[in-house]
2 protein chains.
Amino acid sequence: MTVTIKEVAKLANVAPSTVSRVIANNPRISEATKRKVKKVMEELGYHPNLNARSLSSKATQTIGLVMPSSGDVVFQNPFFPTVLQGISEGVHEKKYALQMTTGSMDHEIFEAVIQMVQGKRVDGMILLNSKVEDKVIEYLREINFPFVVIGKPAKYPEEITHVDNDNVRAMKEATEYLIHLGHRQIAFVGGRPELMVTVDRLSGYKQALEDANLPIKKEYIKHEEFLREGGQEAVSELMALKQRPTALLVVDDFMALGVLNKLDELGIKVPEDISVVSFNNILLSEMSKPPLTSMDINILKLGTEASRSLIEKIENSTEPTKRIIISHQFVERSSCSRIDTVV
Amino acid sequence: MTVTIKEVAKLANVAPSTVSRVIANNPRISEATKRKVKKVMEELGYHPNLNARSLSSKATQTIGLVMPSSGDVVFQNPFFPTVLQGISEGVHEKKYALQMTTGSMDHEIFEAVIQMVQGKRVDGMILLNSKVEDKVIEYLREINFPFVVIGKPAKYPEEITHVDNDNVRAMKEATEYLIHLGHRQIAFVGGRPELMVTVDRLSGYKQALEDANLPIKKEYIKHEEFLREGGQEAVSELMALKQRPTALLVVDDFMALGVLNKLDELGIKVPEDISVVSFNNILLSEMSKPPLTSMDINILKLGTEASRSLIEKIENSTEPTKRIIISHQFVERSSCSRIDTVV
DNA sequence: TTGTACGCGTTATCAA
DNA sequence: TTGATAACGCGTACAA
């Protein structure tokens with residue numbers, strides 16, 4: 001039925017191993033037979049059986065991707081397709097295939113990872129959702145299986161290769177930008193405090209305030225889901241304060257959209273009455289009213305670099321643990337304005 | 001190193017084939033040995049090598065997904081992550097794995113598909129981007145490989161199992177909604193005319209107008225990219241017309257966002273000055289100003305049904321060609337208003 | 001430079 | 001109900 005290496009060998013009057021060598025581009029083979037074999041392969045429409053190859057060579061040229069649980073908010077956020085695109089490009093560029101897995105429950109995901117890894121379906125893994133108690137990471141570490149994390153791992157960040165932004169600095173810069181515009185009442189609207197992104201960005205926010213000798217007010221720090229509703233709730237609460245903030249730092253564009261929406265509802269004008277700085281700079285941010293000033297964290301590159309570093313690690317097991325920092329870039333649009341400092 | 005079926009067999013004092021039968025849950029095996037073998041598997045932490053299994057059984061329990069070319073607009077559109085989520089769920093539910101492929105050029109994608117299929121890495125394929133000249137479809141048809149298309153295939157729609165909406169009816173209903181509100185000058189802002197979605201929706205639009213004895217005006221029909229910029233351009237052109245439309249049908253929420261943006265720029269108020277109906281009903285549509293009245297096409301289900309029908313087809317080769325229609329639902333928000341008919 | 005022979009880990013066939 | 005044994009298709013050490 002399907003054409004195998006043997007049939008090619010027979011027709012080309014060589015041994016199967018010779019055909020195998022031609023496929024592998026083994027240098028110790030004459031140009032003549034190489035051509036001959038290749039011609040037969042063409043004629044027969046030969047394609048190697050990847051399962052057989054993997055079984056024998058113990059490599060799959062496939063990398064696995066653990067996605068956020070389906071139903072998770074992350075799925076809704078445009079962040080996801082963009083990293084995926086980046087990952088996909090990086091993988092493709094090295095001729096690797098990509099296999100992904102989801103699950104509604106954590107243990108489902110864990111099972112799926114075990115299947116992939118123990119079933120020898122992948123040579124390495126990319127993890128998107130590092131949690132504080134991450135069984136997947138624990139497991140992969142234990143068996144010493146190649147993997148990289150996108151974002152900062154909650155545990156052992158020094159011992160795990162990961163691709164991340166310098167979120168502390170990025171948020172510090174964003175905060176300083178607002179301070180330079182004269183803002184003193186600056187609120188932070190972040191995601192769940194268990195997430196490392198949140199921790200780092202919050203820390204950057206605090207650093208900037210401290211450096212400027214501004215007080216850190218608890219009531220100005222909000223933690224909501226990474227979704228637009230989250231943004232809306234945060235705004236309601238902040239605007240109910242006696243002393244309203246004059247500027248908002250929102251850790252996600254999608255959330256910022258909710259923020260803008262709510263502000264509009266409340267009749268508060270951006271940037272006249274309040275300034276908003278957002279994060280991620282997804283396409284949406286230039287679409288909003290007004291277009292959002294946003295910190296571009298180069299999501300695409302986050303993905304491609306994850307693939308690349310993982311594949312390096314797979315192909316060279318002595319590759320050291322790395323922390324890859326993707327640069328960020330502040331993109332000014334029209335959601336912020338200067339304010340007269342009230343002393 | 002890795003624990004194989006043989007070692008399990010040895011420790012359990014049975015033959016490898018017996019172990020294999022236990023794994024496969026073969027009924028012709030005594031409960032006693034079944035338990036014994038399972039216990040040993042536990043102890044040794046045995047996990048089957050899926051490559052070996054696939055090689056032998058000629059099945060992979062994996063389905064392949066062809067994504068739009070990376071860099072394609074579709075990637076930016078929230079439609080994509082949602083179908084993906086649906087597909088993923090459907091696949092997961094049947095214990096299948098998911099492998100995906102992209103490429104920047106069409107021939108790259110084609111190569112990747114060949115690899116997957118001929119390399120015996122997948123049992124079936126889901127195609128997202130049916131084009132008019134689709135080499136992938138031609139190929140899969142020719143070798144009689146199981147696949148389903150999401151959306152209507154440009155060629156042989158009767159002979160290809162596909163999951164789609166009734167786009168003609170959906171758009172007809174949307175158009176009729178506007179007509180009932182009193183609108184007579186209704187414009188259509190669609191995507192590329194080569195896409196079947198566009199064709200079908202345009203046809204629904206025309207049918208509704210004809211049924212209402214309204215003229216079909218060429219200048220009211222715009223074809224732009226499925227992106228927000230597309231929406232913006234269309235608006236510019238439509239609003240430059242002597243007789244401006246009083247209502248807009250936009251075939252995509254993302255595009256509709258661009259439309260709203262442009263209208264705002266031009267000082268045209270929605271829904272007071274112009275009504276807008278959008279399609280897809282992604283999360284964004286309730287976030288816009290004003291919230292968009294949109295036709296929900298149940299993207300998630302489009303994905304899950306694609307997976308399910310594909311797996312059915314894989315597991316039962318006599319499964320007939322099917323056309324699966326996912327229902328749509330009109331979601332009224334606040335982007336439309338009644339208009340006094342000017343006779 | 002090429003061929004022989006075996007192993008990769010499973011499933012499947014045929015006996016027992 | 002269970003056990004040998006032969007595929008599955010490919011890579012590779014070793015020999016030639």
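A, B, ... follow the sequence lines: proteins, then strands. Residue 1 opens every chain.
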Output the single nucleotide from D/dG9, C/dT10, D/dT2 whose closest atom is nearest the side chain of A/T4. D/dG9
Would you tell me if any nitrogen or oxygen in the side chain of A/S30 comes within less than 4.0 Å of OP1 or OP2 on C/dT2? yes
Starting from P on D/dT2, measure out to NZ on B/K34 and report it in whole angstrom. 10 Å
Can you tell which of A/T318, A/T161, A/T321 makes a side-chain hydrogen bond (donor to acceptor under 3.5 Å, both in side chains) with A/K313? A/T161
Does a side-chain N or O from A/S20 land closer than 4.0 Å to OP1 or OP2 of D/dG11, or not? yes
Taking NZ from A/K36 and P from C/dT1, how many angstroms apart are they, rounded to a whole number? 14 Å
Compare the minimum distances between each of D/dC8, C/dT10, D/dT12 and the side chain of A/S17, then state the nucleotide with the smallest one. D/dT12
To the nearest angstrom, the CD1-C1' distance between B/I23 and C/dA12 comes to 14 Å
Just compare D/dG3, C/dT10, D/dA13 and give me whichever is closest to any side-chain atom of B/A52. C/dT10
From CG of B/N51 across to C1' of D/dC8 the rounded distance in Å is 12 Å
Touch check for A/S54, heavy atoms < 4.0 angstrom, all strands: base, sugar-phosphate only, or nothing? nothing
Shortest side-chain distance from A/N49, nucleotide among C/dC8, C/dT10, D/dC10: D/dC10
Remember a base hit wins even if backbone is also touched, and classify A/L55 as base, sugar-phosphate or nothing at under 4.0 Å, heavy atoms. base
Starting at the 5' end of DNA chain C, which residue's closest nucleotide do you reach first, B/R53 or B/R28? B/R53
By the 4.0 Å heavy-atom rule, please label B/V14 as base, sugar-phosphate, or nothing. sugar-phosphate
Distance, rounded to the nearest Å, where B/H47 contributes NE2 and C/dG9 contributes P: 15 Å
Answer yes if the side chains of A/S30 and A/T33 hold a donor-acceptor pair under 3.5 Å, and no otherwise. yes
Is the shortest side-chain N/O distance from A/S57 to OP1 or OP2 of C/dC8 below 4.0 Å? no
Do A/S54 and B/R121 pair up side chain to side chain, a donor and an acceptor below 3.5 Å, judged on atom types alone? yes
Is B/E142 atom CD crowded by more than 12 heavy atoms from other residues, nucleotides or ligands, each under 6.0 Å away? no
Taking atom P of C/dG9 as reference, at what distance in whole Å does atom CG of B/L50 sit? 13 Å
Would you kindly give the CD1-to-P distance between B/I5 and D/dT2, to the nearest whole Å? 15 Å
Pair B/S88-A/T102, side-chain donor/acceptor within less than 3.5 Å: yes
At under 4.0 Å between heavy atoms, what does A/K58 touch on the DNA or RNA strands: base, sugar-phosphate, or nothing? sugar-phosphate
Expressed in angstrom and rounded to an integer, what is the separation of A/R35 atom CZ from C/dT2 atom C1'? 17 Å
Closest to the B/A15 side chain, choosing from D/dG9, D/dA4, D/dA7: D/dA4
Any sub-3.5 Å donor-acceptor pair from B/S20's side-chain atoms to B/P16's backbone N or O? no
Kindly point out which of C/dG7, D/dT2, D/dC14 is positioned nearest to the side chain of A/S56? C/dG7
Would you indicate what A/N26 reaches in the nucleic acid, counting non-hydrogen atoms under 4.0 angstrom: base, sugar-phosphate, or nothing? nothing
Identify whether any heavy atom of A/P48 sits under 4.0 Å from a base atom; if not, whether one sits that close to sugar-phosphate; answer base, sugar-phosphate or nothing. sugar-phosphate
Using the closest heavy atom to pick a nucleotide of DNA chain D for each, name whichever of B/I29 or B/K120 lands nearer the 5' end. B/I29
